[in-house]
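First listed ligand is number 1; within each ligand, the first listed atom is number 1.
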Amino acid sequence: MVRDQLVARGLRDPRVLAAMGRVPRHAFVPEAQRSLAYEDTPLPIGYGQTISQPFIVALMTLAVDPRPGDRVLEIGTGSGYQAAVLSGLVAEVYSVEIVEPLARRAEADLRRLGYANVRVRAGDGHLGWPEAAPFDAILVTCAPDQVPRPLVDQLKVGGRMIIPVGPAWGAQDLILLRRTPAGLERQSILPVRFVPMVKGTGKP
Ligand code: SAH
C-alpha cells in the first residue's frame, strides 16, 4: 500500500510513510471489508460513512506538516484510522464525530489497539473542541460548504488546517489554510469528494 499507492504518487515524507505503514488499516474496517483493507479505495464503515482512501489520508496528514509536540484536532472520526495515523506523529489528537455509535466504536478500537494519546468525543465538529484549543493543526474529513469560523479561531498562529470545502455530494476543493500573524493564507490542493459535514444540533 505504501509503495504502490503513496510513494508511486510522489509522497515522500519518511515520517508520514512510516506512520502509514505502522497502522493496521484492516483493524479499522468492518469484517466484511477486511480483504479490501489495503486497496486503493475508500470503504464503507456503516451509518452511511466511509474510511478515506489511503492516499487521501496520507496527503492530508502531510499537508498539515505534523510535528512531534503538536496538539491536533480532527473533525470526523469515522473509523478512527486517520486519528491512529496522526497518533504516531504528534503529541495529542482530539477527534470529534457526530454519529455517536461511530464515535464510541472508534474510541473503543483506538483504546484496544493502544493509541493512548487520542481522545474522541461525540458532538458537532462545527464547534471544534474549545477546551483543548488552540491547535497546531486541524484536519477536517467531512465537507462543509464553508470553513466553520470556530475552527479558524481554534487554530494557533502558525497553525495549519486541511479541509474539503464545497456542496454536499458535489465538487469540493481540498484547501490548506495557514494562520499567520497577518491573517489566513489559502492554498487549493486537489478536487475531492467527501461526505458532507452535517449540521448538528448546535450542542457539543
Ligand atoms: N477520518 C475518518 C473518515 C471519516 S468520514 C476515518 O479515518 O475513518 C467523515 C466522518 O465525518 C463521518 O464519520 C461523519 O459521520 C462525520 N461527520 C459529518 N458531519 C460531522 C460533523 N458536523 N461533526 C463531526 N463529524 C461529522
Test item, [X] contacting ligand 1 (heavy atom, 4.0 angstrom):
X: G123; value: yes
X: V85; value: no
X: K199; value: no

Spatial distance of atom [atom1] ([X]) from atom [atom2] ([Y]) [nearest 0.5 Å]:
X: L62; Y: R15; atom1: CG; atom2: CZ; value: 10.5 Å
X: I138; Y: L155; atom1: CD1; atom2: CG; value: 4.5 Å
X: D65; Y: I162; atom1: CG; atom2: CD1; value: 12.0 Å
X: T77; Y: R119; atom1: OG1; atom2: CZ; value: 12.5 Å
X: H26; Y: Q33; atom1: NE2; atom2: CD; value: 14.5 Å

Ignoring angles and geometry beyond distance, decide whether [X] reaches within less than 3.5 Å of ligand 1 through its nitrogen or oxygen atoms.
X: G125; value: yes
X: T50; value: no
X: G76; value: yes
X: V99; value: no
X: S52; value: no

Subject >> Any donor-acceptor N or O pair under 3.5 Å, side chains S95, E107 >> reply: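 Side chains of S95 and E107: no pair found under 3.5 Å.
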I'd like to check which ligand 1 atoms, numbered from 1 as shown, lie under 4.0 Å from a non-hydrogen atom of [X].
X: L102; value: 13 (O)
X: T77; value: 1 (N), 2 (C), 6 (C), 8 (O)
X: I51; value: 8 (O)
X: V195; value: 9 (C)
X: H126; value: 22 (N)
X: V96; value: 24 (C), 25 (N)

Original post:
Between P191 and D173, which heavy-atom pair has the shortest distance, and what is it?
Top reply: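 Between these two residues, the closest heavy atoms are N-OD1, 4.4 Å.
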Subject >> Within reach of ligand 1, part of V57 (heavy-atom separation under 4.0 Å) >> reply: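 Looking at V57 and ligand 1, no heavy atom falls under 4.0 Å.
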Could you find the nearest protein heavy atom to [atom] and give me its residue, atom name and distance?
atom: atom 17 (N) of ligand 1; answer: C142 SG, 3.7 Å
atom: atom 8 (O) of ligand 1; answer: S79 OG, 2.6 Å
atom: atom 9 (C) of ligand 1; answer: T141 O, 3.2 Å
atom: atom 14 (C) of ligand 1; answer: Q49 OE1, 3.3 Å
atom: atom 22 (N) of ligand 1; answer: V198 O, 2.7 Å
atom: atom 20 (C) of ligand 1; answer: I98 CG2, 3.6 Å
atom: atom 7 (O) of ligand 1; answer: Q82 N, 3.0 Å
atom: atom 18 (C) of ligand 1; answer: P196 O, 3.6 Å

Original post:
Is there a chain of hydrophobic side chains (I, L, V, M, F, W, Y, each step under 4.5 Å between heavy atoms) that links L59 to I175?
Top reply: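 No; tracing contacts between hydrophobic side chains, which count when under 4.5 Å, never links both residues.
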For [X], is the [atom1] atom crowded, meaning more than 12 foreign heavy atoms sit under 6.0 Å from it?
X: Q146; atom1: CD; answer: no
X: R186; atom1: CZ; answer: no
X: R3; atom1: CZ; answer: no

Original post:
Taking the minimum heavy-atom distance to atom 15 (O) of ligand 1, which of R121, M197, E97 ranks first?
Top reply: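 Comparing heavy atoms across R121, M197, E97, the nearest one to atom 15 (O) of ligand 1 lies in E97.
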Subject >> Test: R25 cationic atom under 6.0 Å from Y81 six-membered ring centre, within 45° of axis >> reply: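 Yes, R25 and Y81 form such a contact.
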Original post:
Just wondering, do M60 and V192 contact through their side chains at under 4.5 Å, heavy atoms?
Top reply: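 V192 does not reach M60 side chain to side chain.
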Original post:
Is there a donor-acceptor pair closer than 3.5 Å between any side-chain N or O of T141 and the backbone N or O of G76?
Top reply: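 Such a contact is found between T141 side chain and G76 backbone.
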